[in-house]
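Numbered from 1 within each chain, the chains take letters A, B, ... in sequence-line order.
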Amino acid sequence: MPVCVLLEGAGGAQIPTHLTRIPILLIKNSTDVSNKTVKGKVVRKGPLVLLAADNFILKTVIQEEDSQADASSINVVLMGTLAKDFNQAVNQGDVVVASGFTVGKSPTVHKDKLHPCNLLMSGDNACIYVFRLPPPRDPTSPPAVKRGPAPSTEVSRPPKTQKYTYVGLGDLKTGSVVNVYGVVVFFKQPFRSRGTDFCSSLKITDQSNQKIGCTIFCDKLEDHPKIFKIGDIVRMHRVKTQFFNDSITLVNTFGFSVVTFDGAVGANVEPRTSSLSFHFDREDCRTVEELRSWAARQALIPSGSTTPLSAVQPKAYFDLTCQLLAKAPIDTTCTLLRVWDGTRCPHTLLKVIVEPNVMVGTTSFSIDRENLIANILVYDNHVEFAQQLKPGDFLRIYNLRAIPGSSKVPGLTSCQSVEVDHLAFHLHGGTAFGRGIRVLPENSPDIQELKRTIKAFPEDDELNDSTLLEIWGTPPESLGDVTAENSADSLRASERNCTHDIEPVTLSELKQSNLGRVHHVRAQLRSYKPSRLHQALKLYCSKCTSMQDIPDDELVAHLFSEASKESGPCIPPPWLLSGQIDAPKDNPGSLKRALTVHLSTQLMSENRTKELIFLMGSTLEETRQLVSGYQNIVPVRSSGGHLTLLDLSAPFLFRGRRKYYGCRRCSEPALRELCAEGVELIDETIIAKALGIQLLQYVLLMAFEVQDATDTLEAFLWRDAKTFFGVSPEEVAASQEAENCIHQTMDSLCPPGGSTGERPWLDLCLMASRTEDDGGQKQPCYQICHTAFTKPPSTHSDPEPA
DNA sequence: GATTAGGCTTCG
């Protein structure tokens, strides 16, 4: 929501009626502030601070009128575009109403003696309403007085002319410029015209029952009406009437602006617009509500306008509200969108096989998840729009077609083309019947519902099985007869803690079973990879699902030494203060050396100087030694006169014995101020976020070659490595003790030099899935899950399993 | 102050 400027004289009723005001004095941390507002005068307006590209923060203090108590003044922290809009539209002295905020602890209460809480405003729900008296009438002034640079601002107009008049759709005359309200009965999402603009086409109606076609040309997509469904209500300013094909049509003209509202009776009257601020008063609210109830009586809004995947009928056209999980270009005229809505289509859905390297987003999903995913092929003009979409986006796809038994599909494998009983989803080229795609905002009611449905499904594994296979190539061939060794008694060394109620099978049976499910086996460890434990520790990016080795110390030490050589003049950002500390000495006789450190002014003012330092010019060893004195050390360097982070091959953060790395592919590193207000513990997540770093996770990845009397197979231990060893990969990376624990476990499972007969038996839960190797060949992949190592009792022995 | 489109399925 933008900052809304409300004109005095229209009463206080312009603020949505479901919101109620709460006195500032009554605000506590525990207060339920949903649907609450606070009202006060802006007594201090801080500067607009740029945190990152297009991410702003602004602090302001508002004071409840008629109250002088300190605690009736409260700090308000505005984030993102709201901060930017506030900066432009609000002046000190203005009276504002805030809604959609959360309450936090004010970290500055001891300093400023204001209210012990602060209000945090970010996201789509946060909104600031500004009250301002209409300016005195001045006939020479232009019809719209603009505040700030936003071209579509229409804040205040002279008292007589500021009141917009709206022409009913039954009273339109040709050759005039008018303002209108209407209920949308048909619409097309903006599409590229043959000229310079995008074109939106819609038809609206009102109580006159006239249906009026409207055409909107704008070069910016955000200036087009934000229509999500039939029944939405639009308010358009400055459209001209034209006569075409025996009827009046409306086309936008200079100064055009449009605001759209949800058409559902009882829904919030929340304007959808890109305008920074706009006129909206009690009368507008009433007009919207009247149109809503009139439309409801006319049954203009089709019920269930979108169809869930579970209700899709073959051959039908339908609108789908869904979430994008992944996408892949097929060719220049076709893009694949992989979506779900949390419901399962009763028909077999088309499978489209694409190269994993062209897939954007997750490349493979669990079988359970795969069964819920619809593959949508979008063609021609929609490909351009599909390119803008990001996995995770919530979409509405209009006029999608479910085609049964389509046999000619790009990327389809031959075995599938003969399958007739499946549904393909096509978004054909063109815009007929409103065909198109729209990204819906996360706070829209339909998306809230979708999210609830989706939440019922467990998260999918983040690492796909292909990655596991890539790391060690193809699983080994069967290693022949091992029955002789299996006759010896052995110890039991692991137990399953899963809830699957299934009988154990032999490895040979397992290999013949269906993929995509779990199996229980009893087997011995024949060998494992990698033999050197530190090679099993990897860094994993949950965003791009890539895995990499941990850079070795020599490389990192080199990066530190290179960084320390660049010691030219350097300007730290204004939120840092610089100082010097003694470098730890290598040996008692060595010379004293000073290191430059930078501290956040905010943390200094809060006396939290030990919590985070930016350290310059130190060696890797010195940095390691300094971790005892500081909770967080971020190594920095001077580069071109500016302070920057080191190359991401080096840890970006030292935190005790733990080092943290960032993903080179997914990070956008920059030295930015950390917002530590109200943050009790500054940890790696907070620091990574502030620095634009996609934090890499430590993982342990091992391949176990297991065997029983019937066969051998290779199973990966990855996701459940912590369950298996009882220590987390992060601990292993930081502590010798944790590393030893894993050594001991492996030694007891696979004693060096010992015969197979001495090896304990493992009760394993294995997940079998299918994946593809580089050549596109299907490969089974087995993962050890829900299994914990249990130290076998040294004197007890178990009989061979049946 | 030009131009675009002017609903009306479907190659895949």
*With distance as the sole test, does A:R292 use its side chain to make a donor-acceptor pair with the main-chain N or O of A:A264 at under 3.5 Å?*
yes
*Any idea which of B:dG12, B:dG1, B:dG6 is nearest the A:H426 side chain?*
B:dG12
*Pairs flagged by ring pair (Phe, Tyr, Trp, His ring centres under 6.0 Å) wherever residues 185-223 of chain A is involved - sequence neighbours left out*: A:F187-A:Y398
*Tell me: NZ of A:K240 to P of B:dA5, nearest whole Å?*
15 Å
*So what does A:G430 hit on the nucleic acid, given a heavy-atom distance under 4.0 Å: a base, only sugar-phosphate, or nothing?*
nothing
_Among B:dA2, B:dG7, B:dG12, the one nearest A:N245 by side-chain distance_ = B:dG7
*Choosing from B:dG7, B:dA5, B:dT9, which nucleotide comes nearest the side chain of A:Y317?*
B:dT9
*Excluding sequence neighbours, so at least two apart, what forms ring pair (Phe, Tyr, Trp, His ring centres under 6.0 Å) with A:Y166?*
A:Y181, A:H237
*Would you mind reading off the distance between A:L377 atom CG and B:dC11 atom P, rounded to a whole angstrom?*
14 Å
*Does B:dG7 have A:F433 stacked on its base, where the ring centres are within less than 5.5 Å and the planes differ by under 30°?*
no
_Verify stack between A:F244 ring and B:dG6 base, 5.5 Å, 30 degrees_ = yes
_Given DNA chain B, 5'-ward residue of the pair A:D380 and A:R435, judged by closest heavy atom_ = A:R435
*Roughly how far apart, to the nearest Å, are B:dG6 and B:dT10 at atom C1'?*
22 Å
*In whole angstroms, how far is the C1' atom of B:dG7 from the CG atom of A:N381?*
14 Å
*Send over the distance from A:F256 CZ to B:dT4 P, rounded to a whole Å.*
18 Å
*Looking only at side-chain atoms of A:T249, point me to the closest of B:dG6, B:dT9, B:dG12.*
B:dG6
*Ignoring the backbone of A:D197, work out which of B:dT3, B:dG12, B:dC8 is nearest its side chain.*
B:dT3
*Over how many whole Å does the gap from A:F198 atom CZ to B:dA5 atom C1' extend?*
15 Å
*Find the distance A:F186:CZ to B:dA5:C1' and express it as a whole number of Å.*
12 Å
*What nucleic acid atoms does A:T333 come within less than 4.0 Å of, heavy atoms only: base, sugar-phosphate, or nothing?*
base
*Base, sugar-phosphate alone, or nothing: which one does A:R194 contact when heavy atoms must sit under 4.0 Å apart?*
sugar-phosphate
*Using 30° and 60° as the class limits, which term best fits the ring planes of A:Y379 and A:H428: parallel, tilted or perpendicular?*
parallel
*Quick one: on DNA chain B, does A:K203 or A:R401 contact a more 5' nucleotide (nearest heavy atom)?*
A:K203
*asked:* If you only use heavy atoms from C-beta on, which nucleotide in B:dA2, B:dA5, B:dT10 is closest to the side chain of A:S193?
replied: B:dA5
*Pair A:K226 + A:D232, salt bridge at N-O below 4.0 Å*: no
_Mind checking if A:R192 touches a base, just sugar-phosphate, or nothing, with heavy atoms under 4.0 Å?_
nothing
*Whole-Å distance between B:dG7 P and A:I216 CD1?*
15 Å
*asked:* Should A:F217 be counted as stacked on B:dT4, where stacking needs a ring-centre gap under 5.5 Å and an angle between planes under 30 degrees?
replied: yes
*Nucleotide of B:dT3, B:dT9, B:dG7 approaching A:K188 most closely (side-chain heavy atoms)*: B:dG7
*asked:* Just the rounded figure in Å: distance from P of B:dT10 to CG of A:L400.
replied: 15 Å
*Is a donor on one side and an acceptor on the other found under 3.5 Å between the side chain of A:T241 and the backbone of A:G175?*
yes
